[in-house]
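By convention in this document, chain letters (A, B, ...) are assigned in the order of the sequence lines, proteins followed by strands, and residues within each chain are numbered from 1.
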There are 2 protein chains.
Amino acid sequence: MNTIPKLKTEMRCDSCPIRHRAVCARCDADELSLLDAIKTYRSFSAGDPILWRGEPVEFLASVVSGVATLSKTLEDGRTQMVGLLLPSDFIGRPGRMEIAFDVTATTDVVLCCFDRKPFEKLLMETPHIAQRLMELALDELDAARDWMLLLGRKTAREKIATFIELLERRSNSDAAQRIRTLPLPMTRDQIASYLGLTLETVSRQFSSLKKEGVINFSDRRTLTICDLPALQDATGNDADGGLPA
Amino acid sequence: MNTIPKLKTEMRCDSCPIRHRAVCARCDADELSLLDAIKTYRSFSAGDPILWRGEPVEFLASVVSGVATLSKTLEDGRTQMVGLLLPSDFIGRPGRMEIAFDVTATTDVVLCCFDRKPFEKLLMETPHIAQRLMELALDELDAARDWMLLLGRKTAREKIATFIELLERRSNSDAAQRIRTLPLPMTRDQIASYLGLTLETVSRQFSSLKKEGVINFSDRRTLTICDLPALQDATGNDADGGLPA
DNA sequence: CGGATGATTGAAATGACTCAAATAAAGTGG
DNA sequence: CCACTTTATTTGAGTCATTTCAATCATCCG
């Protein structure tokens, strides 16, 4: 049973910050109003569990704001984050009640939730939604595969650099400015869990990059990229970072 | 440009070994004949490259028989396998010409290929195909996330045990027999690439499991599982291996 | 101010890697 | 069918990156 509090915030889809990237991206005005009719906002505080592995879930959702994580745990307690959910990312899987990982809010999070049954009905009738959902799933698959390369082959230093570069790329700050300041949305422990490292190693690598003048911390959760080329160089990726597309 | 030889093998979809698992799984007879009209079989020998990263591909395909791998490579040559394609798995991404990894045949492989344009048209018009493709993508995403847990947190021994157990589970031998013999479809080097290890470590772990009587080799590419419970215990997974579903 | 949580740093232990050599299997051409 | 080469695999010894264990430091918040 699911006891997550519903929070009926009034927000019109027109002014939604993820309108053009989320599952609704391709919808026209009519389709949007159908989604609007079945949506409910739910809020979570930093640290709150959103969904537990194996628990039946009766909704699917888009992340509107904040950061959530997907994680898997072995019997003995070792855990690995298997996904980072940023605004516009989608949670849930049509046709399957249960998910195979835990979902946790790492910052305050707002979700735009759709009840399963009406959403699945809409999905059948609205190719624009189905196509977009497919696209999102395939993007996640690409991201998962990049992460497999990171987890399997990159050094601690490269992992940290890649992580920072990822945050930079997905944060929507001004494109032009050369020195970027960005908030770290997670603790060292959570970063370690994402990168397949220990929190001590994460801390050491941050310190090392800081000593080299590549990054700097104004506060433990606020990072400044001082030398972006050096950072990209430390990721181990090609200069272009993947496909030109 | 793509210079892969077409091989027009005559095979009716009715008798296709992957008929009920591949992208065509949900199709009725009429839909199947539409797919049949645009399909072409292509064969590859063990070791052949099937697709290169970044190269434009004008077809999508299902694996009919054999094993292929997806792999990514860092600038300095370190490579990580990011997927294993077994019969019924799908290659390619509607709406995108390029793929972000190399695809290689590790055994002799037969693909059932669909030319991009007509396939994408069919996809728009045939919900049964779109739905199945979505399901396959989501299954791959689940598999990718399981693999992230393996790459990030498991020991060499656990990785090897998990790999053997995966092969056992996806090989369609008799369900009842307690001692299973299965062919390893890849070299030690390829296994290492899949598991984020070196080939020496792979060899050592095989030797170790063999010494303990968990597995045995009749030949270097043919493995026998002598003690399945012990093997499963060595994977680090829960007894049920995941969701009961 | 004090207690709790999160982060950093140090020292030691270790699992997997690297380098190197030995062995086994698989072709190849005479 | 047999030397000979090539390739795949196993095994050993030493090294190193990351982990583990432990202590200190910083920050937040009542």
Side-chain angles (χ1 to χ4, degrees), chain A residues 45-48 69 74 76-80 104 106-108 150-164 183-212 215-223 234 236, chain B residues 45-47 74 76-80 104 106-108 150-164 183-212 215-223 234 236:
Chain A
S45 301
D48 284 355
T69 62
L74 292 170
D76 62 4
R78 282 172 289 172
T79 82
Q80 174 64 49
T104 311
T106 60
T107 66
D108 290 353
L150 175 141
L151 292 172
R153 296 297 177 198
K154 288 192 177 180
T155 65
R157 181 187 168 88
E158 289 169 335
K159 286 178 175 180
I160 291 288
T162 305
F163 173 69
I164 298 171
L184 287 182
M186 333 145 81
T187 64
R188 300 290 185 272
D189 198 27
Q190 289 167 330
I191 295 169
S193 166
Y194 194 28
L195 298 174
L197 296 170
T198 59
L199 69 119
E200 295 95 331
T201 301
V202 169
S203 182
R204 277 185 246 275
Q205 295 300 331
F206 274 140
S207 298
S208 163
L209 287 172
K210 184 180 164 187
K211 195 178 298 176
E212 296 170 34
I215 59 172
N216 202 10
F217 286 93
S218 41
D219 131 33
R220 292 196 293 200
R221 296 290 284 266
T222 314
L223 178 143
Chain B
S45 300
L74 292 171
D76 62 4
R78 282 173 288 173
T79 81
Q80 174 64 48
T104 311
T106 60
T107 65
D108 289 352
L150 174 141
L151 292 172
R153 296 297 176 197
K154 288 193 176 179
T155 64
R157 181 186 167 87
E158 288 169 338
K159 287 176 173 181
I160 291 288
T162 305
F163 172 70
I164 298 171
L184 287 182
M186 331 142 86
T187 64
R188 301 289 184 270
D189 198 26
Q190 290 167 329
I191 295 169
S193 167
Y194 194 30
L195 298 173
L197 297 169
T198 58
L199 72 137
E200 293 95 332
T201 301
V202 168
S203 181
R204 275 185 246 277
Q205 295 301 329
F206 274 140
S207 298
S208 164
L209 286 172
K210 183 180 165 189
K211 194 178 300 176
E212 295 169 35
I215 60 172
N216 203 8
F217 286 92
S218 41
D219 129 33
R220 292 197 293 200
R221 296 288 286 263
T222 313
L223 178 143

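Here the C1' atom of nucleotide C:dA16 and the CG atom of A:Leu197 are 15 Å apart, to the nearest Å. The separation between B:Phe206 atom CZ and C:dA24 atom C1' is 17 Å, rounded to whole Å. The distance between atom NZ of B:Lys210 and atom P of D:dT9, rounded to the nearest whole Å, is 14 Å. Distance, A:Lys211 NZ to C:dT8 P: 13 Å, rounded to whole Å. Put simply, CZ on A:Arg221 is 11 Å from P on C:dT8, counting in whole angstrom units. Regarding B:Lys154, its NZ atom lies at a distance of 13 Å from the P atom of C:dA16, rounded to whole Å. Atom-to-atom, CZ of A:Arg78 to C1' of D:dT20 comes out at 14 Å; the value is rounded to the nearest Å. Straight-line distance from the CZ atom of B:Phe217 to the P atom of D:dT9: 10 Å, rounded to whole Å.
With salt bridges taken as basic N to acidic carboxylate O contacts below 4.0 Å, none links B:Arg221 and B:Asp219.
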Derivation and outcome, side chain to side chain contact (heavy atoms under 4.5 Å, CB included), residues B:Thr187 and B:Leu199 = CA-CA 9 Å; B:Thr187 64; B:Leu199 72 137; over 6 Å; no
Yes or no on side chain to side chain contact (heavy atoms under 4.5 Å, CB included) for B:Lys159 and B:Tyr194, after CA distance, side-chain angles and deciding distance?
-> CA-CA 10 Å; B:Lys159 287 176 173 181; B:Tyr194 194 30; over 6 Å; no
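A donor-acceptor pair is defined here as one N or O able to donate and one able to accept, closer than 3.5 Å; such a pair exists between the side chain of A:Asp76 and the backbone of A:Arg78. A donor-acceptor distance shorter than 3.5 angstrom exists from the side chain of B:Gln80 to the backbone of B:Ser193, with no hydrogens or angles considered.
Taking side-chain N and O atoms only, A:Ser203 has no distance below 4.0 Å to OP1 or OP2 of C:dA7. For D:dT19, the OP1/OP2 oxygens have a side-chain nitrogen or oxygen of A:Thr198 closer than 4.0 Å. Residue B:Arg188 places at least one side-chain N or O under 4.0 Å from the OP1 or OP2 atom of D:dT10. Distances shorter than 4.0 Å separate some side-chain N or O of B:Thr201 from OP1 or OP2 on C:dC17.
Comparing A:Gly196 and A:Asp219 by the nucleotide of DNA chain D that holds the closest heavy atom to each, the one mapping nearer the 5' end is A:Gly196. Each of A:Glu200 and A:Arg153 lies near DNA chain C, and the nucleotide nearest A:Glu200 is the one positioned closer to the 5' end.
One N or O donor and one acceptor, one from the side chain of B:Arg204 and one from the base of C:dT18, sit under 3.5 Å apart.
Looking at heavy-atom distances under 4.0 Å, A:Leu199 makes contact with a base.
The terminal axes of the helix from C:dC1-D:dG30 to C:dG30-D:dC1, fitted over 5 pairs per end, subtend an angle of 40° to the nearest 10°.
For the side-chain contact (heavy atoms from CB on, under 4.5 Å) with A:Ile160, the qualifying choice from A:Leu195, A:Thr155, A:Thr201 is A:Leu195, the only one to do so.
Ranking C:dC17, C:dG6, D:dT9 by closeness to the B:Arg220 side chain, first place goes to D:dT9.
Between the side chains of B:Glu212 and B:Ser208, at least one donor N or O lies within less than 3.5 Å of an accepting N or O.
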